[in-house]
Amino acid sequence: MTAPVFVVDTLPDTRLYVLDGPEGRHAVSVKRLQPGEDVVLTDGRGRWLDGVVRAVEGKDRLTVETSAPHENPTPAPSITVVQALPKGDRGELAVETMTETGVDAIVPWAASRCITQWKGDRGQKALGKWRTTAREAGKQSRRTRFPEVADLMTSKQVAALLATADFAAVLHEDRDHPSGALATAELPREGTIVLVVGPEGGVSPEELALFEAAGARPYRLGPSVLRTSTAGTAAAALVLGRTGRWS
């Protein structure tokens, strides 16, 4: 297993770095790291460096001897999932598993059939939870480039995003609406891929028409029906494997 990951706002330019605050507390009190153990420090934007714990102080402070910084290239093709707002805490579950899988960006979507609504302070709090979940899941899965969680989008804003993609798909299966198989779709090796996941009630006919006009065709994953909180993860895994990003 790779070394545990800790986030810093700016990568240190000194040989010895003191990790304190919430990250230091997690390292000392939760991970119980000891001198001689390896760690990774990252800014969450692809830049990172290896480190070795040299000293532990109290419950929330340790000194790390660091190496020269590295930078992971931007993944290609990039994968964005537009996630309709699920009920309860299923949105955070979706963000967590998509982050662990390797999604590059997540867009909350206020679909017309969403039961959950993000408005005012409640909406900002929910968005904050999604972003915190992406950060923590990024650390847990040993990523050095965490997915960006965008502001909530309307259907028109999602359509504008789809129009810029090199490949855009709406995950939708309806016996009255023809769809292709995502497993056999022709996918680009570069550029951007955007996948749209609808709410529990499905994507409305009006939204399907809007998205198709923007260049996004409907695709199905398989014979079973997935929950909105798991469909994005399953689709992303399929695309990551088919485009070579998991090779």
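We use all heavy atoms of the structure for the numbers below, so side chains are in, but hydrogens, waters and symmetry mates are not. Numbers here simply count residues along the sequence, with the first being 1. Given the structure is predicted, the values throughout are model-derived calculations rather than measurements.
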Mark yes when over 12 heavy atoms from residues, nucleotides or ligands other than Gln140 sit less than 6.0 Å from its CD; otherwise mark no. no
Roughly how far apart are Leu62 CG and Gln34 CD, rounded to 0.5 Å? 10.0 Å
At what distance, to the nearest 0.5 angstrom, does CG of Leu33 lie from CG of Asp38? 10.0 Å
Is it true that a side-chain atom of Ser29 and a backbone atom of Lys59 form a donor plus acceptor pair closer than 3.5 Å? yes
Tell me whether Leu161 shares a hydrophobic cluster with Val197, the cluster being built from Ile, Leu, Val, Met, Phe, Trp, Tyr side chains joined at under 4.5 Å. no
Closest approach of Ala214 to Ala159 (non-hydrogen atoms, all atoms of both residues): CB-O, 3.3 Å
Is any side-chain heavy atom of Glu57 closer than 4.5 Å to one of Thr63? yes
Please tell me if the side chains of Glu207 and Trp109 come closer than 4.5 Å, counting only heavy atoms from C-beta onward. yes
Which pair of heavy atoms, one from Pro218 and one from Pro178, lies closest together, and at what distance? CG-O, 3.4 Å
Interatomic distance, CD@Glu96 vs OG@Ser229, rounded to 0.5 Å, equals 11.5 Å
So Phe6 and Tyr17, ring pair (Phe, Tyr, Trp, His ring centres under 6.0 Å) or not? Walk me through it. CA-CA 12 Å; Phe6 299 94; Tyr17 177 75; over 10 Å; no
Quick one: do Ile193 and Met98 end up in the same hydrophobic cluster if we chain Ile, Leu, Val, Met, Phe, Trp and Tyr together by side-chain heavy atoms under 4.5 Å apart? yes
Any donor and acceptor pair, going by atom type alone, linking the side chain of Arg242 with main-chain N or O of Ala183 inside 3.5 Å? yes
Would the distance check show the side chain of Asp60 and the main-chain N or O of Asp20 forming a donor-acceptor pair, the cut-off being under 3.5 Å? no
Sub-3.5 Å donor-acceptor pair from the side chain of Arg245 to the main-chain atoms of Pro77, do we have one? yes
If you look at every heavy atom in Val170 and Ala216, which pair is closest and at what distance? CG2-CB, 3.9 Å
Do you know which two heavy atoms are closest between Gly201 and Arg113, and how far apart they sit? O-NH1, 3.0 Å
Examine distances only and state if a side-chain atom of Thr97 and a backbone atom of Ala94 form a donor-acceptor pair shorter than 3.5 Å. yes
Could you tell me whether a side-chain N or O of Thr66 sits under 3.5 Å from a main-chain N or O of Thr14, the two making a donor and an acceptor? yes
Quick one: does any side-chain atom of Gln83 pair with a main-chain N or O of Thr228 as donor and acceptor, under 3.5 Å? yes
Honestly curious: do Val196 and Val149 fall in one hydrophobic cluster under the side-chain, below-4.5 Å linking rule? no
Arg61 vs Val18, side chain to side chain contact (heavy atoms under 4.5 Å, CB included): CA-CA, chis, key distance, verdict: CA-CA 7 Å; Arg61 182 183 176 96; Val18 175; 3.5 Å; yes
Pair up each side-chain donor or acceptor in residues 47-55 with any protein partner under 3.5 Å, not counting sequence neighbours, and list the distances.
{"residue": "Trp48", "atom": "NE1", "partner": "Asn72", "partner atom": "OD1", "Å": "3.2"}
{"residue": "Arg54", "atom": "NE", "partner": "Glu65", "partner atom": "OE1", "Å": "2.6"}
{"residue": "Arg54", "atom": "NH2", "partner": "Glu65", "partner atom": "OE1", "Å": "3.0"}

Heavy-atom distance under 4.5 Å between the side chains of Asp166 and Glu190, does that happen here? no
Atom CZ in Phe146, atom OG1 in Thr133: separation rounded to 0.5 Å? 12.5 Å
Quick check: are there more than 12 heavy atoms from other residues, nucleotides or ligands sitting under 6.0 Å from CZ of Arg122? no
Distance in Å, Arg90 CZ paired with Glu200 CD, rounded so as to fall on 0.5 Å steps: 8.0 Å
Is the ring pair Trp130/Trp118 parallel, tilted or perpendicular, if the boundaries are 30 and 60 degrees? perpendicular
Minimum heavy-atom distance between Phe167 and Pro188, given as atom pair plus value: CB-CD, 3.6 Å
Backbone of Arg45 reached by a side-chain donor or acceptor of Arg145 within 3.5 Å: yes
May I ask you to decide if Asp121's main-chain N or O and Gln124's side chain share a donor-acceptor pair within less than 3.5 Å? no
I'd like to know whether CD of Glu148 has more than 12 heavy-atom contacts from other residues, nucleotides or ligands below 6.0 angstrom. no
One should read off an interatomic distance between Glu71 CD and Thr42 OG1, to the nearest 0.5 angstrom, of 10.0 Å
Could you walk me through whether Met153 and Val82 pass the side chain to side chain contact (heavy atoms under 4.5 Å, CB included) check? CA-CA 9 Å; Met153 286 193 183; Val82 175; over 6 Å; no
Check: Thr2 and Val40 side chains under 4.5 Å, non-hydrogen atoms: no
Could you see if Leu85 belongs to whatever hydrophobic cluster contains Leu210? Use Ile, Leu, Val, Met, Phe, Trp, Tyr and a side-chain cutoff under 4.5 Å. no
Among Asp104, Ile106, Thr101, side-chain contact (heavy atoms from CB on, under 4.5 Å) partner for Ile79: Asp104
Working note: His26 + Glu136, criterion side chain to side chain contact (heavy atoms under 4.5 Å, CB included); need CA distance, chi angles, decisive distance, verdict. CA-CA 12 Å; His26 186 73; Glu136 295 306 311; 5.8 Å; no
Are Thr80 and Thr192 packed together at the side-chain level, in the sense that at least one heavy-atom pair is separated by less than 4.5 angstrom? no
Quick check on the hydrophobic clustering: are Val103 and Leu171 connected, directly or via other members, by side-chain heavy-atom contacts under 4.5 Å? yes
Taking C-beta and beyond as the side chain, do Pro199 and Ile115 meet within less than 4.5 Å on heavy atoms? no
With heavy-atom distances below 4.5 Å as the criterion, would you say the side chains of Val7 and Glu23 are in contact? yes
Do side-chain atoms of Thr243 reach the backbone of Arg189 as a donor and acceptor pair under 3.5 angstrom? no
The test is side chain to side chain contact (heavy atoms under 4.5 Å, CB included); show your working for Val39 and Val64 and say whether it passes. CA-CA 8 Å; Val39 297; Val64 178; 3.8 Å; yes
Grab the two heavy atoms, one from Ala150 and one from Val107, that are nearest each other, plus how far apart they are. CB-CG2, 4.2 Å
